[in-house]
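One structure is given here, and the rest of the page talks about it.
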Amino acid sequence: MIDITKLTKQADNKLILRGIDLKVKKGETLAILGPNGAGKSTLLKIMAGLIKPTSGLVKMKGLDLRKNANEVKKSIGYLPHASLLYDHYSPLENLVFFGKLYRVDNAEERAIQLVKEVELSYFLHDPVKNFSRGMIQRIAIARAIIHNPEILLLDEPHTGLDQGAMTILNNVILSMKEKGTTTLMVTHDFKQAAEICDRIIILKNGKIVDDFTVKDQSLGMVTEKYKIQMEGVS
Ligand SMILES: Nc1ncnc2c1ncn2[C@@H]1O[C@H](COP(=O)(O)OP(=O)(O)OP(=O)(O)O)[C@@H](O)[C@H]1O
Ligand SMILES: [Mg+2]
């Protein structure tokens, strides 16, 4: 589904990504862990088609992202750090806007359904500017999946969410997985990564330093592997 080879990104004479090779299968849920500044968000932005790589190849659904950017982007749901929502609009208006942008059939119906799924129906018509951080994050999640993307790119999706909202998000990811969606999730929350991901990669200084399958949702295993990489012991 995703095939990245020899990907590099340079900015201001600094190598942010230093040769990323990564294959992700359809339906797989992958967590990307790593310290601040490792290049995680940069990798997602390149995959979302927001910034261009310096060199290397990114293929999604068998298509070269450089040559088929528009086609590939239709299949991607991207949740960045910033919510991308319009402050003065309500959840319904925001979601209908994005739904129409992605040519979703029955955008309004779908928007109402999603707001219900993230349990904010009571606030359907209130301007987003009055929302708390967690509420905005819930609507941002709904926005990222309004077009039923085949590939979901989530940058720290659990940030700002309370326990209830975390469960909602995890259920969204798992139900999309059942439909065959491939998810890449950047996170600092090892517990969530262990619980919902099949596989984890650790990014450090722009390189993948570990890549392993999660067994029995073991948080201990994830913490241990991460510690080994950060201490530089191998
Ligand atoms: N446009 C840019 N120009 C110059 N440097 C950049 C640019 N974008 C990112 N960087 C640098 O690239 C490095 C990686 O940034 P990135 O945002 O990908 O890290 P990250 O792994 O997502 O970190 P965090 O966990 O803090 O979110 C950082 O050192 C950052 O300063
Ligand atoms: Mg980041």
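One-based numbering, in listed order, for ligands and for the atoms of each. These figures come from a predicted structure and were not determined experimentally. Note that these values count all heavy atoms, side chains included, but never hydrogens, waters or copies made by symmetry.
- Nearest protein heavy-atom neighbour of atom 30 (C) of ligand 1: K14 NZ, 4.5 Å.
- For I196, the side-chain contact (heavy atoms from CB on, under 4.5 Å) partners two or more places apart in sequence, or in a different chain, are H158, N170, I173, L174, M185.
- Under a cut-off of 6.0 angstrom, the local environment of NZ in K67 is sparse, with at most 12 non-hydrogen atoms contributed by other residues, nucleotides or ligands.
- Distance screen at 4.0 Å: atom 1 (N) of ligand 1 has no protein heavy-atom neighbour inside the cut-off.
- Here the protein contributes S41 OG as N, O or S atoms under 2.8 Å from the Mg ion (ligand 2).
- A continuous path of Ile, Leu, Val, Met, Phe, Trp and Tyr side chains, each step under 4.5 Å between heavy atoms, connects L65 with L50, placing both in one hydrophobic cluster.
- Note on R66 versus D64: salt bridge recorded, some NZ/NE/NH1/NH2 to OD/OE distance being below 4.0 Å.
- A distance-only check finds a donor-acceptor pair linking the side chain of T182 to the backbone of G27 [under 3.5 Å].
- One hydrophobic cluster, built from ILVMFWY side chains closer than 4.5 Å, cannot hold both I2 and L33; they sit in different ones.
- Scanning all protein heavy atoms for the shortest distance to atom 27 (O) of ligand 1 gives E156 OE2, 3.5 Å.
- For atom 14 (C) of ligand 1, the closest non-hydrogen atom of the protein is G37 O, 3.3 Å.
- In this structure, atom 22 (O) of ligand 1 has a protein heavy-atom contact shorter than 4.0 Å.
- Considering only non-hydrogen protein atoms, atom 7 (C) of ligand 1 sits nearest to I16 CD1, 4.0 Å.
- Checking only distances, A38 does come within under 3.5 Å of ligand 1, N or O to N or O.
- In this structure, atom 15 (O) of ligand 1 lies nearest to the protein heavy atom T42 OG1, 3.7 Å.
- Taking the centre of each ring, Y89 and F97 stay at or above the 6.0 Å mark.
- Within 6.0 Å of the NZ atom in K25, the count of heavy atoms belonging to other residues, nucleotides or ligands does not exceed 12.
- Side-chain heavy atoms closer than 4.5 Å link hydrophobic residues (I, L, V, M, F, W, Y) into clusters, and following such links, even through other members, never connects V72 to I145.
- Inter-residue side-chain proximity for Q10 and L15 is flagged as met; some heavy-atom pair is nearer than 4.5 Å.
- Looking from atom 25 (O) of ligand 1 to the surrounding protein, the closest heavy atom is K40 NZ, 2.8 Å.
- Heavy-atom proximity to H188, at under 4.0 Å, picks out these atoms of ligand 1: 25 (O).
- For the pair A11 and ligand 1, the shortest N or O to N or O distance does not fall below 3.5 Å.
- Contact annotation: G39 has at least one heavy atom less than 4.0 Å from an atom of ligand 1.
- At least one donor-acceptor pair under 3.5 Å links the side chain of K9 to the backbone N or O of K52.
- Under 4.0 angstrom from ligand 1, the non-hydrogen atoms of D12 all belong to its side chain.
- A side-chain hydrogen bond (donor to acceptor under 3.5 Å, both in side chains) check over residues 127-136, counting only residues at least two apart or in different chains, returns nothing.
- K6 meets the side-chain contact (heavy atoms from CB on, under 4.5 Å) test with D21; sequence neighbours excluded.
- What sits closest to atom 17 (O) of ligand 1 on the protein, heavy atoms only, is S41 CB, 3.7 Å.
- Of the protein's non-hydrogen atoms, N36 ND2, 3.6 Å is the one closest to atom 24 (P) of ligand 1.
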